[in-house]
Amino acid sequence: MNVEFFKNELKNSLVNAFTKAFPNAEKLDFSLEIPPEEQNSDFACPFFIFSKQLKTSPNQIASKILENLEKPIFLEEVLQAGAYLNFKIKTESLAKTVLTQVLTEKENYGSSDFGNKKKVLIEYSSPTTNKPLHLGHVRNNLIGISVIRILKMAGYDVKTICLYNDRGIQICKSMLAYQKFCQNENPKTLGIKPDHYVGDLYVRFSKEEKENPTLTKEVQEMLQKWEADDKETIELWQKMSNWVYEGYNQTYKRMGVTFDYRQYESETYLLGKKISYEALEKGIFFQKEDGSVWIDLTNEGLDEKLVVRGDGTSVYITQDFGNAVERQKNIGFEKMVYVVGNEQDYHFQALFKILKKLGYAWADECFHLSYGMVELPTGKMKSREGTVVDADLLMDEVKELVKEGMQKTEKFSETELDQTAEIISLGAISFFILKVHPNKRILFNPQESIDFQGMTGTYVQYSHTRIVSILRKFGENLPQEADFSLLTEAEEIALLRTLANFSQTVKEAAIGFNPSKIANYSYTLAKNFSKFYDKHSVLNLENEELKFARIVLLEAVKITLKNSLNLLGIKAPEKM
RNA sequence: GCACCGAUAGCUCAACUGGAUAGAGCAACAGCCUUCUAAGUUGUAGGUUGAAGGUUCAAGUCCUUCUCGGUGUACCA
């Protein structure tokens, strides 16, 4: 038995009551909502929508339904509030159902078969390999991590992929700077994180280029050499690319970023050209006098879009639809999600329309999970000018802040302290970014942004450790059963109701690809726990039965807090 | 110019996708630690949801127009 059971039973009762009250009326579906807290109920049903068909006021309909309603045994009472009927479940039934479910399902509590094992391929991170990861990538990675976990929990079969943009003029800039200014240097012997080393070269090149315009020409020559497979150039490119990957892998590991598949633009950039010429023959694409190939998207509200240049080379979007087709062939997916910033909204609109025109029905199942830029108070981050918030540095700095504020309560060994500070700082960053809806841009103030009080990851983690602390002091053997009818306090009921909503929240987050739903949920649950904690005792209760019931309740809250944090890619520490 | 996105308390964000009196956090002020971790809790104050129309039983949410901010509109990626 689970929480859905209540909903289904209530709907059945409502349908029966409706048929009795209005025998001649067309049957309609009932929607059950979660009522506002002050109604002190578990489910609510509004009757506005029936009003027109029945030519009766919603209040009267509610009354008549109420008269004809046969209450299921788990129902304590039904109260009419205007056009609404509010249903209150017997606390004992609610508690037994919810708590048993949580304790049985444990780390799987919240999961459902909503996604029907549909195979979803998620592309995220996809950096340009000429510089270290910055705050923009951090948001991308965090959204990616979280959406992956949310979709998995909602019953999807999720695979992940990263497309490294590892070729092109930007890469050559770092390479040329290395060749010209730092030949034979090695970041390892210099003690510099290798991706930072390459990024510094990129910044240095941009500076030198301003004073010395011939460098622009040289870097273009280098790109041509690369495309011509010049041995020396390729070797340099490989050496520097590997430095970057080495650095990325450290950052990825720290953030919890993993991929099932990796693609490299250097290997995929020719994809799509063949498709383009085939589409040209079929008349889907058209050719201009200079030989360039185009698609006309003016009927779709877009422009004409170039897919092959006059010189026969392809462009970004060509590679992208080629790549999509390739992924469908090699990996296979029923749905594909691109986690990419909103400056590429237009690009993905065009991409999906091209795929559709090429005749791929699955184009409708491609989705651009677009997210807003992360901006600084001083404006946009520009890597060429070095005005970026570096991902590694950010994590280090926040960690230092956490360390300064620690050591107050619990005793920690040196390594424990470091590990805990790491968990808290990463949690603070993740929560800060994920609590905002992806669509919105984030203004990041380095001094003020990362907070450890109020609606933060730290707060949720702290609530978790407090529960852990109580359970630890209670002892090894936690009860699985108890007399749940003893859970009658308002704070206990609030916790039960919040627990019961978890699975529904996960579904909503999955539908909207929206981690902020989960962040809000975890905060609400933590907040409800804190209120309970402040007002009621557990361990020093004389009533053993009540103590057991509360221990079970707290165990369930602990599990659900941990699960919700996990959906955000945040770890739940045992003490802090 | 055109297209897309955003605008909610001083600041940062929510609001079950059209439902009940728009909720939290920060900052401010006033309380609560000999009691399970005070990174906590209680209270006060803070709103014409950018503006004006419209749709309907009901609009922060949908439609139109406008204002402000952002992004895109490249034979860059």
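Throughout, protein chains are lettered first and strands after them, A, B, ... in sequence-line order, and every chain is numbered starting at 1. Remember, it's a predicted structure, so these values are computed and weren't measured experimentally. Below, each value reflects all heavy atoms present in this structure, side chains not excepted, and no hydrogens, waters or symmetry copies.
Remark: A:K7 is not positioned above the aromatic ring of A:F43, lacking an NZ or CZ atom under 6.0 angstrom from the ring centre and at most 45 degrees off the axis. For the pair A:K288 and A:W294, the cation-pi criterion (under 6.0 Å, within 45° of the ring axis) is fulfilled. Cation-pi check for A:R466 over A:F529 is not met; the charged atom does not lie both under 6.0 angstrom from the ring centroid and within 45 degrees of its normal.
For A:K440, the side-chain atoms get nearest to B:rA7 when compared with the rest of B:rA7, B:rC36, B:rA38. With B:rU41, B:rA14, B:rA77 as the candidates, the nucleotide lying closest to the side chain of A:K527 is B:rU41. For A:D345, whose side chain is taken as the heavy atoms from C-beta onward, the closest listed nucleotide among B:rA20, B:rC4, B:rG25 is B:rC4. Considering only side-chain atoms of A:E343, the nucleotide from B:rG72, B:rG40, B:rA77 that sits closest is B:rG72.
Within 3.5 Å, no donor on the side chain of A:N130 pairs with an acceptor on the base of B:rA77, nor the reverse.
Residue A:R466 has no polar side-chain atom (N or O) positioned under 4.0 Å from OP1 or OP2 of B:rA39.
Taken residue by residue, residues 450-457 of chain A places heavy atoms nearer than 4.0 Å to RNA chain B at A:D451, A:F452, A:Q453, A:G454, A:M455.
Rounded to whole Å, the separation between the P atoms of B:rA59 and B:rG43 comes to 30 Å.
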Practice problem: Using the side-chain contact (heavy atoms from CB on, under 4.5 Å) rule, take A:V337 and A:Y124 through it: C-alpha gap first, then chi angles, then the decisive distance, then the call. | Solution: CA-CA 8 Å; A:V337 178; A:Y124 76 116; over 6 Å; no

Quiz item: Where each pair must be Watson-Crick or G-U wobble with both distances under 3.5 Å, what dot-bracket representation of RNA chain B is obtained, with crossing pairs in [ ] and other-strand partners as |?
Solution: (((((((..((((.....[...)))).(((((.......))))).....(((((..]....))))))))))))....

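With the nearest nucleotide of RNA chain B identified for both A:C45 and A:D311, A:C45 has the one nearer the 5' end.
Taking the six-membered ring for Trp and thresholds of 30 and 60 degrees, A:W237 and A:W226 have ring planes more than 60 degrees apart, a perpendicular arrangement. Ring geometry for A:Y164 against A:Y264 counts as parallel: the plane angle stays under 30°, on a 0 to 90° scale with 60° as the upper cut.
The one candidate from A:F513, A:F367, A:Y371 that meets the side chain to side chain contact (heavy atoms under 4.5 Å, CB included) condition with A:V339 is A:Y371.
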